[in-house]
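Here is the structure we will look at.
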Amino acid sequence: CNSLLAGLVRMDWVDMARDIYHEIVDMGVSPNIYTLNIMVNAFCKDRRFDKVDSFLLEMAEKGIFPDVVTYNTLIDARCRAGHLEEAVQLLNSMDDKGLKPDVATYNAVLNGFCKNGQHGKAKELLGEMLDVGLVPNVSTFNILLGGFCKIGDTSETMRIYDKIANSGLIPDIVSFSCMIDLFAKKGDMNQALAYFRDMKGVGLVPDNVIYTMLIGGFCRIGLISEALKMRDEMVDHGCLPDVVTYNTILNGMCKERRLSDSDQLFYEMVERGISPDFCTFTTLIYGYCKDGQVEKALRLFDKMLKSNLKPDIVTYNSLIDGCCKEGNMEKVNELWDDMCRRGMFPNHITYSILIDNHCSKGQVEEAFRFWDEMVENGILPNVVTYNSIIKGYCRSGDASKAEKFLGKMVNDCVVPD
RNA sequence: GUUCUGGUGCAUACUUGU
């Protein structure tokens with residue numbers, strides 16, 4: 001029964017898991033600590049922390065109490081929700097309950113700190129972990145590797161990588177992926193490929209993730225041909241490109257303005273049975289808009305909606321920018337309304353697009369209408385919006401107003417660039 | 001049988017005479 005429940009939760013079928021749980025209990029089967037943990041995890045996945053509390057009370061009446069795994073689940077969920085303080089509180093409260101935090105507990109919090117940019121605290125916590133006599137595992141180091149890799153801190157990432165071996169542990173595929181990602185993102189493909197060779201040298205088999213990182217690295221430096229070679233290599237090794245791999249190449253092609261290539265690849269992926277996701281569409285829509293092919297972008301947008309994929313603010317901003325530049329203000333208004341109807345609201349980029357568009361046409365008054373609306377909505381003007389207004393004044397031959405505005409900009413503590 | 005780590009659009013999306 002527990003395996004079934006766990007399977008459902010893993011598939012994100014939380015509602016069904018809960019229904020089945022109730023049926024099982026009604027049938028007179030008594031839940032145990034595993035059941036409790038599976039259900040707590042289910043509630044956490046849905047961010048239903050309130051439900052967790054009542055559920056724990058219910059279980060306590062049956063004599064089943066939270067254990068370390070329960071706490072780990074709760075702590076991880078808090079971290080994912082960005083509630084680091086609560087997570088740390090839970091960690092600290094474990095002692096009172098007679099529970100001893102384990103490596104997974106610390107890993108969860110470490111991960112929380114790293115994902116929230118609190119790398120210093122992560123390092124402190126690693127120290128605390130060692131102080132209480134816990135032995136970090138490869139995941140512990142991988143969490144830190146990923147954290148420092150994401151902020152591009154090469155020297156710290158390499159120090160942590162060395163620590164893995166110094167601790168008597170063996171770097172695994174995730175450790176290598178962090179190193180490869182670090183260098184691929186920096187555009188240092190020689191280093192990335194060196195780690196790629198190293199991992200194969202120690203008998204690890206590169207997977208989709210590794211290949212996609214390398215492909216993305218080549219794309220980033222404009223070497224689409226190398227990216228495609230890497231794609232061929234992965235296929236030769238029996239590793240099939242997935243939707244992320246395709247999205248990565250598509251993005252590379254779009255950035256290089258190779259829209260006919262991306263178009264072809266898009267059809268290829270569909271032919272091979274890989275369903276485009278909302279990233280695929282947003283990537284292509286962005287690419288076509290930037291290339292001035294707004295019609296094509298709008299057709300893709302329709303297709304996206306028909307596929308039941310939800311556009312996000314980036315999708316809308318790309319289209320709004322494209323339509324603005326084309327002068328199709330009717331469509332802009334339509335998209336704007338459509339976006340709001342879907343519960344997404346213009347952000348500082350959306351406003352910048354419209355402010356700049358009106359300024360480019362010398363319609364400073366109109367631009368200020370959006371400026372005011374933006375400020376009313378609690379979004380502060382930034383360098384981009386100030387630059388646009390100054391440009392607008394210059395366009396309409398109002399150099400003195402432009403200069404006055406530059407003064408206001410400095411007054412508002414926005415540094416001119 | 002339950003909890004912790006890696007890849008894609010987007011924070012490098014909007015301004016920059018062209």
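Lettering follows sequence order; numbering is per chain, from 1. All values reported here derive from a predicted model rather than from experimental measurement.
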Dot-bracket encoding per residue of RNA chain B, Watson-Crick/G-U cut-off under 3.5 Å, | denoting interstrand: ..................
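B:rC14 and B:rC10 have their C1' atoms separated by 12 Å, given to the nearest Å. B:rU16 and B:rU12: their C1' atoms are spaced 15 Å apart (whole Å). If you take atom C1' in B:rU3 and the same atom in B:rU8, they sit 27 Å apart, rounded to whole Å. Between B:rU5 and B:rG9, the distance separating the two C1' atoms is 24 Å to the nearest Å. Remark: the separation of the P atoms in B:rU15 and B:rA11 is 13 Å, to the nearest Å.
Between the CG atom in A:Leu250 and the OG1 atom in A:Thr283 there is a gap of 7.0 Å [rounded to 0.5 Å].
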With side-chain hydrogen bond (donor to acceptor under 3.5 Å, both in side chains) as the test, would you mind laying out the steps for A:Asp312 and A:Thr315 before giving the verdict? CA-CA 5 Å; A:Asp312 69 357; A:Thr315 324; 2.9 Å; yes
Would A:Asp76 and A:Asn111 count as a side-chain hydrogen bond (donor to acceptor under 3.5 Å, both in side chains) if you check the C-alpha gap in whole Å, the side-chain angles of each, and the deciding distance to 0.1 Å? CA-CA 8 Å; A:Asp76 182 57; A:Asn111 190 33; 4.8 Å; no
side-chain hydrogen bond (donor to acceptor under 3.5 Å, both in side chains) between A:Asp242 and A:Thr245: does it pass, once the steps are laid out? CA-CA 5 Å; A:Asp242 61 13; A:Thr245 317; 2.9 Å; yes
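The cationic atom of A:Arg78 (NZ for Lys, CZ for Arg) lies less than 6.0 Å from the six-membered ring centre of A:Phe49 and within 45° of the ring axis.
One cannot find a donor-acceptor pair under 3.5 Å joining the base of B:rG9 and the side-chain atoms of A:Thr283.
One finds no side-chain N or O of A:Lys310 lying less than 4.0 angstrom from the OP1 or OP2 phosphate oxygen of B:rG9.
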